[in-house]
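One structure below.
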Amino acid sequence: SERIVIIGAGIVGVNVADELISHGWNPNSITVIEQGPLSLPGGSTSHAPGLVFQTNPSKTMTEFAKYTVHKLHSIGQNGEDCFNAVGGLEIATTPGRLEELKRKHGYASSWDIEANLISPEECLNLYPLLDRKLVLGGLHIPSDGLALAARATQLLVESTRNSGVRYLDRTVVTDIERKNNHVTGVKTNSGLVPADIVISCAGFWGVEIGAMVDVVVPLLPLAHQYAKTSTVSPLTNREVNSRINGKNASLPILRHQDQDLYYREHGDQIGIGYYGHRPMPVLASSLGTTPSKTDDKNMPSRLGFTPDDFAPAWKESQRLLPVLRETKIVDGFNGIFSFTPDGGPLMGQAPNLDGFFIAEAVWVTHSAGVARAMAQILTTGRAEHDLSGCELTRFEEVQLNQFYVQETSQQIFVEVYDIIHPLAPKESPRNLRVSPFNARQRELGAYFLELGGWERPFWYEANAELVKALPVEWRPVERDPWAAQHYSPIAAAEAWKTRNAAAVYDMTSFHRFEVAGPGAVDLLQRLTTTDIKSAVPPGVVAYTLLLDVSGRVQGDIFVSRLEENLFQIGANSAIEFAYLIREARLQGEKIPSQWVQVREITGSTCCLGLWGPRARDVLDAATSGDQSLSNKALPYMHVKQSNIAGVPVTVFRKSFVGELGWEIQTSAEYGLRLWELIWQAGKPNGLIAAGRAAFNALKLEKGYRTFGIDLSSEHDPFEAGLGHTIDWKKRDDYVGKASLLEVAKQKQTKKLRCLTIDDGRSVVLGKEPVFVNSKATGYITSAAFGYTVRKPIAYAWLPSSVADGTNVEIEYFSKRIRATVSEEPLYDSRDRKLGE
Ligand code: FAD
């Protein structure tokens, strides 16, 4: 069997070894290399206080945490397992936090975790040391608690070693050997260890290991303060002490996020963790070699305590827990662990090197879940949970440079406990990527939000006047303060204009790749659900799916065939780009004559979406009625290379908003000129510029899904309502085809459904739980106010047994909003508006 080397024996590395064995890998083929002594390797795990708060806005991260808790309960010795389920208590001391806890309660219900919003008195019952005066309420999650991380790691080392895993401790990985884009071995200070698969679980040393194989690992090691008090008298002589058992704690783990603090018991002491201090970045390579003997105080991941940084935490802690006024700090340190630009972990195979995987920037909380997903990827080629927020390849090129990683990872540290609106943009860096239309958009008063470094207009203040002119039935309803953030009623006017005149949208930030070469057709034929060979001749655009081996959706893309061997791909993310690049390389390695070049062209091009019932008038005015772009000459889902008043363009007849129109693309240098031409031509035809707020709403009315939000690799095409993208006549094999045939025969258990909100005004934002017959049975994916249909819309995953017309309830900040399962799409189900 393949030889596997795991680098690092922290909680992640040993869990990966264990999970590989559980998934059927031969233990004798697994070697774990650790630079520190196995008894206390000296990485982040060696001093982690191990608080496990499971609930997270991300479904996947919550699933990872749930599995970690489950597993820690199953690891034990002498009747003692490795999880102390003391429960988790998050308290609110501000009205804003109290609201946030309600939202969090919603996540818990969506992801099936028991959670209770509780009164200040109930908080005091659970945690008598709190100052009643400060507490406004709390969220209690009974299944949260403390991971005995170091002990679990030791027990897993023992059990996996007994099964046959080889552990090389006090052994430093110095390089990775590779040949022909594949790993072949791991060099250490005591020799070479041959390997077919290397999994780097090196924690915050991940950057250094990545550099050995030219893989950028976008994480930043940061020091984080943790301190212990002297003996807290109520903890020494209390009744509950008898319940403390061997695990050193009986009070719930406590979070006081308004002041960036968390607490746990250590016997009769309290441990205090603090995120409120200045970010303290560390260069892992500066920490020197791990000593051959480590102890609690001496290990590379533990830096000296800086009391000045901790002073505000100590003051606040004595305020919140008055009993601490009789104590002092007796032990403290600045412990190092990893942060990433978006706060997610880093998982998956390196884009440029086969057989090299990483699982880093992982908290104890998610460790076993991440390890299981890694084992699943290695065993079956896919993980059961959506990994798009974890994939190493999810970052854009600009997000991988050290300036970006440094700045954004520090920001994530600062904001780790902050209340963040789902649409909130990064404060910095901004204006990293702007389209050539940016100057004009600013003149029109664009409100920009950022994604992937791109500045994207959400609406234009220049359209504010239109709101007053809106027909009564189009007038926007008032939003609650949360839903009103990063929103403007101007979106209603922009939607109205798109449906009744014409609007131009900046589509530049959408990912565009070029796939070219003699093997291009074969590549896309092998990866997509469409018969590219026969159904997509030059000039045709296909909306198609990328499936994984199990027939689940790994992406939805637009494939436009520009020439015999030249395609343009419209995709959602950098993950699809990395996938195509890898597959193209593998194809070229196998059959050199079938080479393919995959090139990112997003930044070197720009694109305008021109849509609306009068879009034809605008285009005709701009092109002096060029008949080669008429509806007949360029039918729906077709593409043509042309020019508009001398500007070379590629015109795609497709629509995201459900109206007649085109995406008009040119290279970046002509962008401004293209904007001017369309703008001038549009003036007499009622053209406005419109932003993404309107775009998202119009798209949802039309039932168009967004991959990564409405569906993910957890879903098959049928349950996601994308069965129509499968070309059943396609003879050639493609990734996922065999499984898809099986999936098609199975009875569906869940389905993506369209809901409309009964009161016609309550807007939700996504991820809220949906109750059917008072039971939480699903969750919202995307939501928007449907301006054309005059009510809010939300898509949701629900059991497939739920019929059209069923009344459901959505939990939103503890309130229940009534909604109805509706037939979709809500707008123009016969595609009449798209033009003949
Ligand atoms: P590590 O434990 O660091 O393991 C990586 C291993 O790789 C190390 O043992 C290292 O020696 C080895 N290694 C690296 N380079 C090489 C090389 N070249 N050759 C050989 N071996 C190598 N998480 C929570 O979930 N809850 C908490 O309450 C919590 N509190 C924390 C408090 C503090 C103060 C700190 C510092 C962290 C906390 N964390 C918490 C985070 C958590 O500790 C880490 O995210 C987690 O332990 C990382 O585990 P790991 O296995 O990835 O890394």
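Computed from heavy atoms alone, side chains included, the values below leave out hydrogens, waters and symmetry copies.
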Taking only residues two or more places apart in sequence, or in another chain, which ones meet [X] in a side-chain contact (heavy atoms from CB on, under 4.5 Å)?
X: Ala615; value: Leu610, Trp662
X: Lys737; value: Asp733, Tyr734
X: Gln587; value: Asp522, Leu523, Arg526, Gln594, Val596
X: Arg178; value: Val213, Asp214, Leu353

- Under the salt bridge (Lys or Arg N to Asp or Glu O under 4.0 Å) rule, what do Asp342 and Lys426 come out as? Steps first, then yes or no, please. CA-CA 10 Å; Asp342 60 6; Lys426 278 191 177 51; over 6 Å; no

- Would you check, one step at a time, whether the test salt bridge (Lys or Arg N to Asp or Glu O under 4.0 Å) holds for Arg705 with Glu824? CA-CA 12 Å; Arg705 278 92 168 112; Glu824 61 159 335; 2.8 Å; yes

- Query: Which is it for Leu674 and Ile644 under the side chain to side chain contact (heavy atoms under 4.5 Å, CB included) test, yes or no, and what are the steps along the way?
  - Reply: CA-CA 8 Å; Leu674 176 67; Ile644 294 180; 4.2 Å; yes

- Message: For the CD atom on Glu823, are there more than 12 heavy atoms of other groups (residues, nucleotides or ligands in this structure) within a distance under 6.0 Å?
- Response: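 Atom CD in Glu823 is not crowded, with 12 or fewer foreign heavy atoms closer than 6.0 Å.
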
- Task: State whether the number of non-hydrogen atoms from other residues, nucleotides or ligands found under 6.0 Å of Gln748 atom CD is greater than 12.
- Result: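 Correct, the count exceeds 12.
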
- Going by the salt bridge (charged side-chain N to carboxylate O under 4.0 Å, His left out) test, which pairs reach into residues 562-579, not counting sequence neighbours?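 Every pair satisfying salt bridge (charged side-chain N to carboxylate O under 4.0 Å, His left out) with a residue in residues 562-579: Arg561-Glu564.
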
Output all residues satisfying ring-ring contact (aromatic ring centres under 6.0 Å, His included) with [X], sequence neighbours left out; order by chain, then residue number.
X: Tyr505; answer: Trp611, Phe695
X: Phe395; answer: none
X: His715; answer: Trp797

- Item | Pairs meeting criterion ring-ring contact (aromatic ring centres under 6.0 Å, His included) with involvement of residues 516-559, two or more places apart |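 Pairs touching residues 516-559 that pass the test: Tyr543-Phe558, Phe558-Phe656.
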
- Message: Does anything in residues 566-589 form a ring-ring contact (aromatic ring centres under 6.0 Å, His included)? List the pairs, not counting sequence neighbours.
- Response: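 Residue pairs with at least one partner in residues 566-589: Phe513-Phe577.
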
Donor-acceptor contact below 3.5 Å, side chain [X] vs main chain [Y]:
X: Thr544; Y: Thr529; value: yes
X: Thr393; Y: Pro351; value: no
X: Ser739; Y: Val549; value: yes
X: Arg433; Y: Gly453; value: no
X: Asp828; Y: Arg832; value: yes
X: Arg552; Y: Arg382; value: no
X: Lys730; Y: Thr530; value: yes
X: Asn15; Y: Val12; value: no
X: Ser29; Y: Arg3; value: no
X: Thr60; Y: His385; value: no

- Message: The test is side chain to side chain contact (heavy atoms under 4.5 Å, CB included); show your working for Asp556 and Leu545 and say whether it passes.
- Response: CA-CA 4 Å; Asp556 63 343; Leu545 302 181; 3.7 Å; yes

- Query: Quick one: do Glu514 and Arg599 make a salt bridge, cutoff under 4.0 Å?
  - Reply: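 Salt bridge between Glu514 and Arg599, a charged N being under 4.0 Å from a carboxylate O: yes.
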
May I ask you to test the [X]-[Y] pair for a side-chain heavy-atom distance under 4.5 Å?
X: Lys533; Y: Asp732; answer: yes
X: Val649; Y: Tyr670; answer: no
X: Ile199; Y: Cys201; answer: yes
X: Asn56; Y: Phe64; answer: no
X: Leu546; Y: Thr528; answer: yes
X: Glu659; Y: Tyr827; answer: yes
X: Glu742; Y: Leu740; answer: no
X: Glu384; Y: Glu63; answer: no

Distance-minimising heavy-atom pair for [X] and [Y]:
X: Arg653; Y: Glu836; value: NH2-O, 3.2 Å
X: Val5; Y: Pro194; value: CG2-O, 4.2 Å
X: Cys754; Y: Ile793; value: SG-CG2, 3.9 Å
X: Glu360; Y: Ser200; value: OE2-OG, 2.5 Å
X: Ile780; Y: Gly766; value: CG2-CA, 3.8 Å
X: Ile557; Y: Ala571; value: CG2-CB, 4.0 Å

- Message: Can you list everything that forms a side-chain hydrogen bond (donor to acceptor under 3.5 Å, both in side chains) with Ser560? Sequence neighbours excluded, please.
- Response: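 Counting only residues at least two positions away or on another chain, Ser560 forms no side-chain hydrogen bond (donor to acceptor under 3.5 Å, both in side chains).
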
- Message: Going by the rule side-chain hydrogen bond (donor to acceptor under 3.5 Å, both in side chains), which residues pair with Ser782 if we only count those two or more places apart in sequence or in a different chain?
- Response: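 So Ser782 forms a side-chain hydrogen bond (donor to acceptor under 3.5 Å, both in side chains) with Asp710.
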
Can you tell me how far the [atom1] atom of [X] sits from the [atom2] atom of [Y], to the nearest 0.5 Å?
X: Leu562; Y: Thr650; atom1: CG; atom2: OG1; result: 6.0 Å
X: Glu714; Y: Ser388; atom1: CD; atom2: OG; result: 9.0 Å
X: Ile377; Y: Asp548; atom1: CD1; atom2: CG; result: 11.0 Å
X: Glu600; Y: Thr605; atom1: CD; atom2: OG1; result: 8.5 Å
X: Ser667; Y: Ile601; atom1: OG; atom2: CD1; result: 10.0 Å
X: His366; Y: Met347; atom1: NE2; atom2: CE; result: 11.5 Å

- Query: Should Ile575 and Arg394 be marked as a side chain to side chain contact (heavy atoms under 4.5 Å, CB included) after you check the CA-CA gap, both sets of side-chain angles, and the distance that decides it?
  - Reply: CA-CA 5 Å; Ile575 298 174; Arg394 70 187 180 272; 3.9 Å; yes

- Item | Side-chain donor-acceptor contact under 3.5 Å, Thr706 with Lys699 |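 Yes.
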
